[in-house]
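All remarks here apply to the structure that follows.
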Amino acid sequence: MTFFICTTCAVQFDDRDRPPESCPVCSDPRQYVPDTGQRWTTLDELRREHSNDIAPQGELIGIGPRGRVGIGQRALLVPWGETNLLWDCVALLDEQTAVEIERRGGVGGIAISHPHYYSTMVEWAHRFDCPIHLSSADAEWIMRPDPAIRLWEGDRLDLGHGVSLLRLGGHFPGSSVLVQENGSDGRGTLLSGDLPLATPDRRWVSFMWSYPNMIPLPAHEVRRIADALTEISFETLHSAFWGEPVTDASAVVARSARRYVAALETVGATG
Ligand SMILES: [Zn+2]
Ligand SMILES: [Zn+2]
């Protein structure tokens with residue numbers, strides 16, 4: 001029996017004697033199956049071919065495979081009491097990574113923004129003997145069920161130590177962000193996964209339903225999400241990929257939402 005991993009999204013499936021027929025995450029219009037076809041790998045294969053980079057991301061620590069694995073996101077280690085919370089997840093977990101994380105206080109819990117980053121979350125939960133917090137709104141996307149998974153309901157989950165999850169929806173019904181109240185010298189840090197996503201120009205963020213297929217969210221959804229984010233304040237925003245965080249981030253999100261909605265709503269007038 002093997003726990004197969006989809007090569008394109010790096011989500012791991014429950015154990016079986018042959019690969020699944022298809023990957024529901026990549027067959028969904030928010031992702032894609034490459035024109036070379038559906039391919040599968042395993043954690044052992046990833047361990048042979050890759051190692052993780054562990055490096056600062058602003059005041060947090062990023063963890064992500066060197067060389068492209070799946071969508072290419074990196075996870076973040078968020079100080080959480082005596083230990084850390086792992087925000088989002090990456091497919092490659094090897095002993096070297098685990099030892100390095102243990103040296104920094106280990107992982108006491110895992111929270112993931114949305115199904116594109118579920119990856120090998122169960123492997124991480126077993127290695128660190130900790131729970132995984134997922135929005136119940138995305139339960140159908142769990143490809144490897146496990147007792148470590150705890151589904152949370154509603155729009156907000158307080159995880160203690162000034163850390164909470166806020167469900168914004170939009171990209172997926174359960175798409176969530178992590179709010180670290182005491183981050184950025186008490187001015188607040190937002191970890192956003194794919195929504196809002198930092199753009200190459202760090203003065204702006206974007207709000208898409210599908211990034212690889214470039215399908216925007218409707219204007220009313222962008223307004224709703226930007227409004228929800230005015231309820232909290234945050235100086236810094238990290239989205240899912242390596243790079244400098246966005247600063248003055250509350251203002252950046254509000255300004256970006258206005259620009260984005262204006263672009264959507266002027267298409268009819270100019271086109
Ligand atoms: Zn996939
Ligand atoms: Zn995504």
Side-chain angles (χ1 to χ4, degrees), residues 2-16 18-43 45-46 50 62 64-65 68-76 86-92 110-123 132 134-135 137-145 165-178 190-199 205-218 221-222 225 237-243 253 256 260:
T2 306
F3 295 98
F4 288 97
I5 294 173
C6 169
T7 305
T8 311
C9 69
V11 168
Q12 188 184 46
F13 287 64
D14 52 10
D15 62 334
R16 51 190 77 203
R18 69 176 75 167
E21 291 290 307
S22 64
C23 171
V25 178
C26 290
S27 305
D28 176 80
R30 280 163 285 204
Q31 255 286 106
Y32 64 97
V33 178
D35 53 11
T36 48
Q38 175 69 47
R39 288 191 301 126
W40 302 95
T41 185
T42 62
L43 185 51
E45 205 171 301
L46 292 178
H50 297 271
R68 174 87 176 236
V69 172
I71 293 169
Q73 80 276 12
R74 55 100 181 89
L76 289 167
L86 184 72
W87 169 248
D88 282 337
C89 198
V90 294
L92 176 59
I110 300 168
I112 303 182
S113 59
H114 71 293
H116 286 155
Y117 303 144
Y118 285 177
S119 60
T120 58
M121 59 182 175
V122 173
E123 303 278 353
I132 306 165
L134 303 179
S135 167
D138 292 338
E140 64 180 293
W141 297 100
I142 297 166
M143 299 301 151
R144 181 178 173 185
L165 306 180
L166 202 61
R167 187 177 71 90
L168 296 178
H171 182 38
F172 275 80
S175 282
S176 303
V177 295
L178 183 148
L190 189 79
L191 311 186
S192 67
D194 278 359
L195 185 68
L197 188 80
T199 58
V205 294
S206 190
F207 309 83
M208 299 284 268
W209 184 71
S210 169
Y211 292 92
N213 302 320
M214 295 182 267
I215 305 170
L217 279 170
E221 280 285 89
V222 177
I225 289 163
L237 179 149
H238 297 263
S239 57
F241 300 93
W242 290 107
V253 168
S256 301
Y260 197 93

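Scope of the values below: all heavy atoms of this structure, side chains included, with no hydrogens, waters or symmetry mates. Just so you know, ligand 1 is whichever comes first in the structure, and atom 1 is the first atom listed for that ligand.
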Here the pair of heavy atoms bringing C26 nearest to T8 is SG-CB, 3.7 Å
Report the angle formed at the Zn ion (ligand 1) by atom SG of C9 and atom SG of C26, rounding to the nearest 10°. 110°
Using the salt bridge (Lys or Arg N to Asp or Glu O under 4.0 Å) rule, collect all pairs that involve residues 207-218, keeping only residues at least two apart or in two chains. none
Could you tell me how the ring of H114 sits relative to the ring of F172: parallel (under 30°), tilted (30 to 60°) or perpendicular (over 60°)? tilted
Excluding waters, which protein N, O or S atoms are within less than 2.8 Å of the Zn ion (ligand 2)? H114 NE2, H116 ND1, H171 NE2, D194 OD2
Could you name each residue pair satisfying salt bridge (Lys or Arg N to Asp or Glu O under 4.0 Å) that touches residues 22-34, not counting sequence neighbours? D28-R30
Please name the pair of heavy atoms, one in P216 and one in Y260, separated by the smallest distance, quoted to 0.1 Å. CB-OH, 3.1 Å
All side chain to side chain donor-acceptor pair (under 3.5 Å) counterparts of R144, not counting sequence neighbours: Q12, E123
